[in-house]
Amino acid sequence: MTDSPEQDYDPGDVAVIGMSLRSPGARTKEQFWDNLVHGRESVSFLEKDDIHVDETLIHSPFYVRACGVLDTYDKFDPSVFGISDRMAAAMTPENRLFLESAWETLEDGGYDPDRVRAEIGMYGANNPQTAALYSSPPDRVSVGPEAIEASLAWSPDTMTSNALYYMGLTGEAVTVAAVCAGFHYAVHLACQSLLLGQTDMAIAGGAMVRLPHPRGHLWEENRILSKDGHCRPFDANGTGTALSSGVVTVLLKPLAEAVADRDHIYAVVKGSAVNNNGVSAMAYGLAQPERLSACIAAAMEVGGVTPDTVSMYEANGLGLPMTDELEVHAASMAFGKQTATTSIGGVKGNVGHGGVVSGGFGAMKAALALFHKKLPATINLTDVNQDLDFPSTPFVPQLETTDWAAESGIRRAGITSIGGGGYNAHLVLEEAPTVAERAPEADGRPRLATLSALDDEALARQRARLREWLIARPDLRLDDICFSLNLGRKVMDRRWAAVVRSRTELIEVLAADSAGGPAVTTGAAPRVDVDSFRRNDNGIVESGRDPEALADVAAAWVTGRRVDFDSLHLGEASRRVPLPTYPFRPRRFWRTDW
């Protein structure tokens, strides 16, 4: 890993400081990672009654009843964003999923949209076909403002601008159409904007919902869809992949600024590159090895990365021998002859092919692998395709989940995404830099922890989720926890606060059935003389750090007063840490007619 936290950071490095995912078999990035390290396949094999397509198609002998099912594809919590039920039903499933994911990513990074002082760019890829399949509205341009508003909620073009609007943010909004390379293109454009100084932070990602959902596919020989529904990357018996849905978003910031702002860093984007095959393609839609190789090499060159330091290669990996051979050949040309060995894997064996978000699944796998220092196995790979000739390449198939040793001194990963129509894209990620050592946390110092939600039920769920999170992560410091809660969450109407002296005490008070002792909550807070507090433009300023003064601040805050939490944490060395995000209460919204 990076040796010194005092180093000068490369001005081209971009930190990944927040992440959100929903995929087949996983509603969170933590579940996704658990599925990867335990080798779980999340492609579902459906019953005929579960498939909403033409009967003739279902009974075809070539119909494969396999699908990467996204169980929340038709659900949404509009109340968090102030969206009416009518508008929620008008929004396409991809618009809704991207909005919730963007919210989770910002929270995961420790930023409250109401208090963030930054231009936040929004870059997202979706499937333009989804809107028409969901329910295409009539032309309403001349009907009136309400109809135009509904059309904008429905339009795939406005997915990113909707996210900015409903989250209360300002910045660039770019919706990308680059087919299956869409996620990579969104990240590439976001990094460029950050490095040019056009935005301060950026949310980039992609959302894909295959409609009708769920459904299988028709198998055709030498096409990319699997004969039996299983995807077998690099396997001699591979016949392609299954189709799936999902959403992935990441929060990005220039690395030097992320370190200075004490952000939590999952990984670093060292370089990115995109290109297109154009007329040079062997066949329209197939990878062209020379062009793909140039794209991979360009991403490494941009980041000043030599191939022998990239020890993980996350392939596009469709599991079709012909396409796998083209990709391995292209990557081998880009990496050249080297003595180091590079792990090669493919996440499509786990979750299938997510269209515009497929590159996001691979990038999330790589970022979490860097974060956990572990290489997940490529599942469904039992008979390595000898035509790939791995011994003569820099690559070694990752057959088992193993610890990731930094043989070159640092861990780096390359992630390739290929889209039909000749789109190539590659990202190079690096492990996060070592953070500066801190003095041990002072024992017994009282601290204020806060939570809020739209209603009491959601507030109770927040308390329960935070308690479970802290029990599972004993390394988290109390000062970091309180810093992240107090400054990194949107303040809502129903509130809970506690003055605690230790992690153990916080865990105990989170489990309490009612307020009391160190905890206060909306509707049950003691009276305080709010006129006695000092104030500035950001709200109440605490009069001291002793338990009594903090308890008074807690009581004022839960009864609706604004508190300047920045002043509360002034002079601390606390850092943002990932904590559970808002517990959405999704309801079904679906439209069949207008």
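Note that the structure is predicted; figures quoted are calculated from it, not measured.
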Is the backbone of [Y] close enough, under 3.5 Å, to the side chain of [X] for a donor and an acceptor to pair up by distance?
X	Y	result
S484	V577	yes
R22	L70	no
E430	I410	no
R495	M492	yes
S358	H353	no
N35	G25	yes

Evaluate the side-chain proximity of [Y] to [X]: yes if any heavy-atom separation is below 4.5 Å, no if none is.
X	Y	result
M19	M364	yes
C482	L448	no
V563	N486	no
L510	L470	yes
Y165	T158	no
T72	L97	yes
L454	R585	no
F32	V347	yes

Quick one: pull up [atom1] in [X] and [atom2] in [Y] and give me the separation to the nearest 0.5 Å.
X	Y	atom1	atom2	result
R562	N538	CZ	CG	6.0 Å
L106	S101	CG	OG	11.5 Å
M122	M201	CE	CE	10.5 Å
R489	L451	CZ	CG	9.0 Å
L506	R467	CG	CZ	10.0 Å
D261	R575	CG	CZ	13.0 Å

[Y]/[X] salt bridge by N-O under 4.0 Å criterion:
X	Y	result
D114	K490	yes
D455	R494	no
D13	K270	yes

Legend entry - Ring-face cation contact, F584 with R27, 6.0 Å cut, 45° max: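 Here R27 fails the 6.0 Å and 45° test against F584.
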Inset, instruction - Kindly assign one of parallel, tilted or perpendicular to the pair F371 and H264, based on the angle between their ring planes and the thresholds 30° and 60°. - result: perpendicular
Inset, instruction - May I ask you to decide if the ring planes of H213 and Y73 are parallel, tilted or perpendicular, using 30° and 60° as cut-offs? - result: tilted
Would you say [X] has more than 12 foreign heavy atoms packed within less than 6.0 Å of its [atom1]?
X	atom1	value
Q198	CD	yes
E572	CD	yes
R461	CZ	yes

Could you pull out the closest heavy-atom pair between [X] and [Y], with the gap in Å?
X	Y	value
P113	M167	CB-O, 3.3 Å
C191	V269	SG-CG1, 4.0 Å
G246	F361	CA-CZ, 4.0 Å
S245	P24	O-CD, 3.1 Å
M159	T175	N-OG1, 3.9 Å
S244	G352	OG-C, 3.6 Å

Inset, instruction - Go through the steps for W469 and L476 under the test side chain to side chain contact (heavy atoms under 4.5 Å, CB included), then give the verdict. - result: CA-CA 10 Å; W469 187 276; L476 288 179; 3.8 Å; yes
Inset, instruction - Run through W103, Y582, F98 and flag the one making a ring-ring contact (aromatic ring centres under 6.0 Å, His included) with F81. - result: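 For F81, the ring-ring contact (aromatic ring centres under 6.0 Å, His included) check succeeds only for W103.
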Inset, instruction - Show your working on salt bridge (charged side-chain N to carboxylate O under 4.0 Å, His left out) between R115 and D566 and close with a plain yes or no. - result: CA-CA 10 Å; R115 286 178 282 182; D566 283 300; over 6 Å; no
